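Predicted model, so just to flag it, every value in this text is computed and none were measured.
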Amino acid sequence: MANRAAAGQANLKGSVRLGNYLRQLRSGYGYSLRRVEERARAEGGEIDNSQLSRYEKGICYPSFDKLRVLASVFNVSIQAFSDVVDLEEYEDLAPETSDAESLVEHAEDALKAGDPGRAFACSERAVELMQLRIAEGERDDACLLARARLNQAAALTRLGKLSLAERELRCALRDPSQLNADRQTRALLALANIHADQGDLFLAELEAERAHRCALEAGDDDLAARAVHTHGRVLQDRCDFEGAIDCYRRAAALYRNVEGTLEGIRVRVQIGSSYVGLGKIREGVRILRESLIEARKAGARRLEAYAWSFLGLAYFETDDHDKARKCFRESDALANFNNEKHPDLLFYNAFHEWKMAIDEANPTREKIAFGRLKALRSSLERKLPEVDAFDAWVERGCSHA
């Protein structure tokens with residue numbers, strides 16, 4: 001992250017987007033410029049109010065040390081600042097229109113088409129338009145604003161910007177009257193999955209249970225299935241594989257009552273991976289192969305890549321490196337196609353390629369895999385066991401076990 005921030009500073013005199021984000025954070029806390037200066041000093045840093053004003057106007061870019069102090073003042077991750085600057089590349093993807101409802105619809109179409117960058121640009125523009133109208137005293141559709149925020153959160157999650165996605169979801173949930181039961185449940189589920197990605201499994205479980213209650217009250221099988229599914233994911237992350245399989249099977253039974261969803265395939269992939277976690281490799285491989293065929297028939301590239309990765313893990317666990325390597329490379333091809341990139345899967349695959357190269361005492365493959373891991377690490381906010389293991393090696397100054 002430090003290298004990434006430094007590279008950004010070398011190329012940017014200032015960032016209007018980062019400046020706007022800093023201003024929003026300060027306004028959210030109700031701080032004046034001078035109050036931030038005082039809080040920075042309390043955190044052991046020096047940021048005078050005129051300096052902060054220049055940052056907010058996009059005139060100059062804060063140094064990494066200044067960003068670290070601001071992260072402490074506003075209780076956000078330093079990664080969030082880098083993520084904000086990254087989003088500049090999508091700014092021109094929204095169509096030229098001042099019709100907020102049209103922009104929301106464009107965002108939803110882009111999400112369905114697997115284009116999160118365009119979905120983000122359209123959603124952000126819609127939110128800006130509606131907030132401007134509200135600031136000018138115009139009445140606006142609060143439900144449409146909440147819908148735009150949920151789309152923006154979904155796009156940010158797919159782009160790997162988890163902290164920013166969480167912020168949008170919290171804004172949407174702040175006034176439940178803006179959300180119908182369906183959207184409130186979806187927001188809670190999205191928040192649960194983000195917290196699971198960030199490693200906060202306790203909070204993720206609470207939100208999944210709350211979402212399940214909302215879905216049951218609404219009599220919505222799809223959302224009830226997603227809530228049980230998310231609970232299973234939390235249990236799997238805790239390595240309670242038997243509990244996870246039970247939740248996944250309950251979710252699968254509910255999904256059978258829902259048409260037009262791919263979640264039934266996803267849950268079967270996770271059942272297969274849980275069997276691998278239990279050491280029941282043969283059963284896990286069978287389920288994963290069936291899921292792989294289903295995902296391919298449905299044209300679900302992400303799910304197909306997901307299934308290949310877990311199939312690779314199954315062969316990795318049995319020391320069949322040739323089959324494992326083939327699976328990870330199949331996953332790579334699907335996870336890095338055109339503008340659709342999935343750094344979590346790419347990192348997962350590269351990590352196991354790295355481990356196999358170490359086991360095989362192949363320094364060339366080891367070096368290549370390690371280089372890929374370093375390149376991918378800066379774009380990952382998700383907490384994976386493989387990420388933690390890699391970070392521990394890097395911290396020790398090692399490139400191998």
In chain order, what residues pass the side-chain hydrogen bond (donor to acceptor under 3.5 Å, both in side chains) check against Arg249, with sequence neighbours excluded?
-> Tyr275
Is the cationic atom of Arg35 (NZ for Lys, CZ for Arg) positioned less than 6.0 Å from the six-membered ring centroid of Tyr31 and within 45 degrees of its normal?
-> yes
Going by heavy atoms in the side chains, are Phe74 and Tyr29 under 4.5 Å from each other?
-> yes
With sequence neighbours excluded, give me every ring pair (Phe, Tyr, Trp, His ring centres under 6.0 Å) pair touching residues 87-124.
-> none
Answer yes or no: does atom CG of Asp92 have more than 12 heavy-atom neighbours from other residues, nucleotides or ligands under 6.0 Å?
-> no
Set of residues satisfying side chain to side chain contact (heavy atoms under 4.5 Å, CB included) with respect to Arg54, sequence neighbours excluded = Ser50, Gln51, Ile59, Cys60
Under the salt bridge (charged side-chain N to carboxylate O under 4.0 Å, His left out) criterion, do Glu360 and Arg325 qualify, and how do the steps go?
-> CA-CA 12 Å; Glu360 295 164 356; Arg325 192 171 284 113; 3.0 Å; yes
Fit a plane to each ring of His321 and Phe316, take the angle between them on a 0 to 90° scale, and name the class: parallel (under 30°), tilted (30 to 60°) or perpendicular (over 60°).
-> parallel
So, does Arg301 use its side chain to make a donor-acceptor pair with the main chain of Ala295 at under 3.5 Å?
-> no
Ser274 and Ala244 have their tightest heavy-atom pair at OG-CB, 4.1 Å
Would you find a donor on one side and an acceptor on the other, under 3.5 Å apart, between the side chain of Ser53 and the backbone of Asn49?
-> no
Would you say the side chain of Tyr61 lies within less than 4.5 Å of the side chain of Val85, judging by non-hydrogen atoms?
-> yes
Does a side-chain N-to-carboxylate-O contact under 4.0 Å join Arg17 and Glu88?
-> no
What residues, two or more places apart in sequence or in another chain, satisfy side chain to side chain contact (heavy atoms under 4.5 Å, CB included) together with Ser291?
-> Arg268, Val269, Ile287
For Ala204, check side chain to side chain contact (heavy atoms under 4.5 Å, CB included) against everything at least two apart and list the hits.
-> His195, Ala196, Val234
Taking atom CD of Glu37 and atom CD1 of Ile47, what is their separation to the nearest 0.5 Å?
-> 9.5 Å
Does a donor on one side chain and an acceptor on the other come within less than 3.5 Å for Asn20 and Gln24?
-> no
Closest heavy-atom contact between Ile78 and Leu67?
-> CG1-O, 4.5 Å
Which pair of heavy atoms, one from Ala314 and one from Ile281, lies closest together, and at what distance?
-> O-CG2, 4.0 Å
Using a strict 4.0 Å threshold on nitrogen-to-oxygen distance, state whether Arg41 and Glu46 make a salt bridge.
-> yes
For the residue pair Tyr248 and Val228, establish whether any side-chain heavy-atom pair is separated by less than 4.5 Å.
-> no
Heavy-atom distance under 4.5 Å between the side chains of Glu128 and Leu132, does that happen here?
-> no
Member of Thr157, Val84, Leu169 meeting the side chain to side chain contact (heavy atoms under 4.5 Å, CB included) criterion with Leu164 = Val84
Pairwise distance CG(Asp344) to CG(Asn349) - rounded to 0.5 angstrom = 9.5 Å
Is the closest basic N to carboxylate O distance between Arg39 and Glu43 below 4.0 Å?
-> yes
Are Arg372 and Glu353 ion-paired here, with the side-chain N under 4.0 Å from a carboxylate O?
-> no
Short side-chain donor-acceptor distance under 3.5 Å, Gln236 and Ser273 | yes
Salt bridge flag under 4.0 Å for residues Glu283 and Arg286 = yes
Is the shortest distance from a Lys or Arg side-chain nitrogen in Glu166 or Arg170 to a carboxylate oxygen in the other one below 4.0 Å?
-> yes
dist Leu373:CG -> Trp354:CH2 (nearest 0.5 Å) comes out at 6.5 Å
Under the side-chain hydrogen bond (donor to acceptor under 3.5 Å, both in side chains) criterion, do Arg125 and Gln152 qualify, and how do the steps go?
-> CA-CA 10 Å; Arg125 179 64 180 144; Gln152 191 169 354; over 6 Å; no
So which heavy atom on Leu93 is nearest to which on Gly117, and how close?
-> CD1-C, 3.8 Å
Would you say the side chain of Leu18 lies within less than 4.5 Å of the side chain of Tyr55, judging by non-hydrogen atoms?
-> no
Would you say Asn336's side chain and Asp332's backbone share a donor-acceptor pair under 3.5 angstrom?
-> no
Any donor-acceptor pair under 3.5 Å linking the side chain of Ser331 with the backbone of Cys327?
-> no
Applying side chain to side chain contact (heavy atoms under 4.5 Å, CB included) to Glu263 and not counting sequence neighbours gives Arg226, His229, Tyr255, Thr261, Arg266
Roughly how far, to the nearest 0.5 Å, is the CD atom of Glu304 from the CD1 atom of Ile293?
-> 10.5 Å
Would you call Asp182-Arg186 a salt bridge at under 4.0 Å N-O?
-> yes
Electrostatic pair Glu330-Lys326, nearest N-O below 4.0 angstrom = yes
Donor-acceptor under 3.5 Å (His231 side chain, Ala227 main chain) | no
Nearest-0.5 Å distance that lies between atom CG in Leu173 and atom CZ in Arg149 | 11.0 Å
Flag the pair Leu334 / His342 as yes when at least one side-chain heavy-atom distance between them is below 4.5 Å, and no otherwise.
-> no
With the threshold set at 4.0 Å, does a side-chain nitrogen-carboxylate oxygen contact exist between Asp391 and Arg377?
-> yes
Determine, for Glu205 against Arg238, whether the closest basic-nitrogen to carboxylate-oxygen distance falls under 4.0 angstrom.
-> yes
Check step by step if side-chain contact (heavy atoms from CB on, under 4.5 Å) holds for Arg68 and Phe64.
-> CA-CA 6 Å; Arg68 188 165 51 193; Phe64 180 73; 4.0 Å; yes
Do Leu111 and Asn151 have side chains that get closer than 4.5 Å, going by heavy atoms?
-> yes
Spell out, as yes or no, whether a donor-acceptor pair under 3.5 Å connects the side chain of Asn75 to the backbone of Ala71.
-> no
Determine whether Leu159 and Leu87 make a side-chain contact, defined as any pair of heavy atoms from C-beta on separated by less than 4.5 Å.
-> yes
Do Arg233 and Asp197 sit within salt-bridge range, that is, some charged N less than 4.0 Å from a carboxylate O?
-> yes
Which heavy atom of Cys247 sits nearest a heavy atom of Gly232, and at what distance?
-> CB-CA, 3.5 Å
Where does the angle between the aromatic ring planes of Phe370 and Phe390 fall among parallel (under 30°), tilted (30 to 60°) and perpendicular (over 60°)?
-> tilted
What orientation do Trp393 and Phe351 show, parallel under 30°, tilted 30 to 60°, or perpendicular over 60°?
-> tilted
Hey, could you give me the CZ/CD distance between Phe202 and Glu207, rounded to the nearest 0.5 Å?
-> 10.5 Å
